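See structure below.
Remember, predicted model here, so these are calculated numbers, not experimental data.
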Amino acid sequence: MHARTTLWLKNKATGCFVQRYGSRFVFSGTSALSGRKTDMSQGQGQDPTGQDQDQVTGMVCLESDLQDGQMKEVEVDEQKILLVRTQGLYSAVGSKCSHYGAPLIKGALVGDRVRCPFHGACFNIKTGDIEEYPGLDCLPSYKVKVEDGKVYVSVNKKSLKLYKRVKDMSCRVSGVRHTILLIGGGPASLLCAETLRQNRYEGRIVMVTRDTLPPIDKPKLSKAMHLESVSLLLRPTDFFQQHDIELWMQKEAVSVNPVEKTVKLNDGSLHYYDQLLISTGCRARPLSCPGSELEGVRILQSYEDAKEIHQSCVGKKAVVVGASFIGMEVASYLADKAASVAMVGNGSYPFERSLGPEIGKMTMQMLEESKVKFYMNDGVVEIIGENGKVKEVVLKSGAVVETDVVIAGIGVIPNSDFLKESQVEVDSRKAVIIDKFMRTNIPNVFGAGDVTSFPLTIRKDQRVNIGHWQLASAHGRVAALNMLQKQIKIDSVPFFWTVLLGKSVRYTGYGEGYTEIIFKGKVEERKFLAFYIKDDQVVAAASLMFDPAVARLAEMMSNGLVITKAQAQSDDLSWLQM
């Protein structure tokens with residue numbers, strides 16, 4: 001589990017790649033606070049004096065500097081390291097979240113794991129392993145020793161500048177005929193494939209996606225629409241080759257036959273599986289009004305969509321339909337690029353149902369300050385064109401808005417149509433019904449991600465459909481473990497974020513049906529923490545410029561703690577520092 005530089009070596013017998021980390025092995029990244037010299041490594045690479053030539057060691061603090069439950073960012077040879085003390089033990093891991101590099105010193109430490117303050121990823125502070133998403137990789141962990149009241153941390157010289165670590169994975173073994181077929185190219189499929197290989201699955205893995213690219217960081221599409229595809233890739237193409245994960249792009253499942261254990265693709269080919277994952281996600285709901293077929297009417301679904309929206313809107317007039325997360329992020333992105341941006345929403349304020357009117361009003365004011373014009377409590381009745389191209393949008397209120405481009409962000413539809421004849425059970429919204437083990441009603445057919453409806457632990461197993469990147473990732477991992485008969489339940493706490501004009505609102509929990517919002521700080525000053533109350537309990541929270549409150553609340557919920565309305569009402573928030 002040490003930080004190290006990875007070497008890829010090809011096994012001539014199997015044709016697969018394996019990782020080598022040198023000859024030095026480290027058992028642990030923790031050291032008992034005994035006051036004695038504690039060396040937890042063994043192997044080669046030491047000179048006759050006992051000094052490890054491959055390591056650089058620094059005295060980072062006194063043993064008494066940290067109490068249990070405290071963290072400190074320290075440096076060894078200019079490498080920033082997160083030093084943690086829990087239950088009488090010191091441990092050291094990488095200081096940056098492996099997702100987007102956020103400083104973990106600003107995060108929430110609860111028990112043996114630290115949660116990123118920005119997007120909610122969690123890491124074990126003893127091993128560095130990632131335990132909650134988003135992100136794919138673990139943190140490097142470092143050797144710690146305590147001697148004469150001083151704390152020392154050792155870092156491998158070859159990995160001084162690395163801040164994340166890829167878990168060791170197996171490859172396919174010749175002669176193993178078992179096949180797992182993953183339908184979908186998003187985070188659920190990717191995490192499922194990686195988890196299978198991390199747990200030494202030696203069969204065939206096939207990932208089928210309609211996309212033109214390997215799995216990408218899709219949340220960026222609405223926040224930074226100009227990015228090149230290479231900067232969006234979650235893994236480079238050769239990663240899949242190295243781990244024998246077959247990636248079939250621009251292919252789509254059209255039917256599933258659970259009796260024969262086959263999937264038919266849009267090219268007419270038929271493919272056998274032993275186990276199947278349905279992780280096809282959702283598609284953007286298109287506008288259905290007259291004129292919606294005109295050139296210039298767009299939805300945001302893929303990398304190509306994002307690129308086209310960016311190119312067609314620069315210096316042009318744009319209308320965004322739908323004042324929720326995708327629509328608001330697109331309007332925010334275009335605010336300083338389009339000639340004008342108009343937002344059409346069917347409520348009084350953006351995010352009104354999910355975040356409440358107060359926060360919705362604040363976000364509306366933020367975008368208005370950037371010249372976005374809002375048409376709320378309104379809707380599109382017709383799009384008028386000229387020479388086949390968009391010219392005007394006619395609203396229910398009678399207003400007519402000139403525009404060159406119309407972008408629809410009006411919700412999503414689960415991609416489950418291909419299951420119609422399969423007997424796989426879906427709900428009234430066509431979401432695939434799964435249990436806490438990611439199993440559908442059909443043996444050896446699993447579901448994961450946005451396409452599913454699943455029991456949510458923090459809501460007493462209420463069945464929900466949640467389109468969060470973090471949850472899709474967790475679903476993929478749990479599906480893989482249960483394919484391998486590990487009997488692991490999904491218990492993740494929902495966590496998501498939205499970015500508007502450089503400001504990030506963070507959210508955790510599940511607030512549907514909330515009856516009251518209790519605020520700390522002031523929404524109008526754009527610095528607040530909001531508690532969503534239902535049945536006298538906090539069921540969700542949102543914040544702006546109030547880190548790491550939401551991260552800590554997510555950890556408390558994850559540990560099964562009930563947060564009461566009285567706690568939320570109290571002026572004393574010391575309970576939030578637990």
Tell me whether the rings of H119 and Y100 are parallel (<30°), tilted (30 to 60°) or perpendicular (>60°).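 Geometry flag for Y100 against H119: perpendicular rings.
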Mind checking whether F496 and H468 have parallel, tilted or perpendicular rings, split at 30° and 60°?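 Correct class here is tilted.
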Above 12 or not: heavy atoms from other molecules or residues under 6.0 Å from [atom1] of [X]?
X	atom1	result
E358	CD	yes
K161	NZ	yes
M545	CE	no
D238	CG	yes
E78	CD	no
K220	NZ	yes
K150	NZ	no

Beyond-backbone contact of [X] with [Y], side-chain heavy atoms, under 4.5 angstrom:
X	Y	value
V153	Y90	no
L234	L136	yes
V538	Q567	no
R439	N444	no
V74	V151	no
K72	R85	no
L181	L277	no
V505	L500	no

Do we see a donor-acceptor contact under 3.5 Å between the side chains of [X] and [Y]?
X	Y	result
Y163	Q79	no
Q55	S154	no
E202	S170	no
Y201	H178	yes
D572	S574	yes
Q537	T564	no
S558	R113	yes
E516	Y514	no

Is there a donor-acceptor contact under 3.5 Å from the side chain of [X] to the main chain of [Y]?
X	Y	result
S453	I433	no
D450	G281	no
N124	T127	yes
E73	I105	no
K520	S570	yes
R115	G120	yes
Q70	Q67	yes
T498	F325	no
Y507	G511	yes
D65	C61	no

Roughly how far, to the nearest 0.5 Å, is [atom2] of [Y] from [atom1] of [X]?
X	Y	atom1	atom2	value
L276	F446	CG	CZ	9.5 Å
S354	Y532	OG	OH	7.0 Å
E147	E63	CD	CD	11.5 Å
L190	I245	CG	CD1	7.0 Å
Q462	F454	CD	CZ	10.0 Å
D461	K489	CG	NZ	7.5 Å

Search all heavy atoms of [X] against all heavy atoms of [Y] and return the closest pair with its distance.
X	Y	result
I458	P494	CD1-CD, 3.9 Å
M71	V84	CG-CG2, 4.0 Å
Y142	G94	CE1-N, 3.7 Å
V110	N559	CG1-ND2, 3.2 Å
C171	D244	CB-OD2, 3.3 Å
E329	S222	OE1-OG, 2.5 Å

Cationic N near anionic O, under 4.0 Å, [X] to [Y]:
X	Y	result
D129	R165	yes
R200	D168	yes
D137	R235	yes
D547	R506	yes
K158	D54	no

Set out, in order, the CA-CA distance, both residues' side-chain angles and the distance that settles side chain to side chain contact (heavy atoms under 4.5 Å, CB included) for E555 and V493, then state yes or no. CA-CA 8 Å; E555 279 300 274; V493 175; over 6 Å; no
Take K218 and W469 through the test side chain to side chain contact (heavy atoms under 4.5 Å, CB included) and record every step on the way to the result. CA-CA 8 Å; K218 212 166 183 180; W469 189 256; 3.5 Å; yes
Candidate list C97, P134, P103, test side chain to side chain contact (heavy atoms under 4.5 Å, CB included), partner F118, passing option: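 For F118, the side chain to side chain contact (heavy atoms under 4.5 Å, CB included) test succeeds with only one of C97, P134, P103, which is P103.
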Output, in order, the C-alpha distance, side-chain angles, deciding distance and verdict of side chain to side chain contact (heavy atoms under 4.5 Å, CB included) for T363 and F351. CA-CA 9 Å; T363 61; F351 310 122; 3.6 Å; yes
Applying side chain to side chain contact (heavy atoms under 4.5 Å, CB included), run through K503 and L544 and close with a yes or a no. CA-CA 8 Å; K503 300 288 187 181; L544 176 62; 4.0 Å; yes
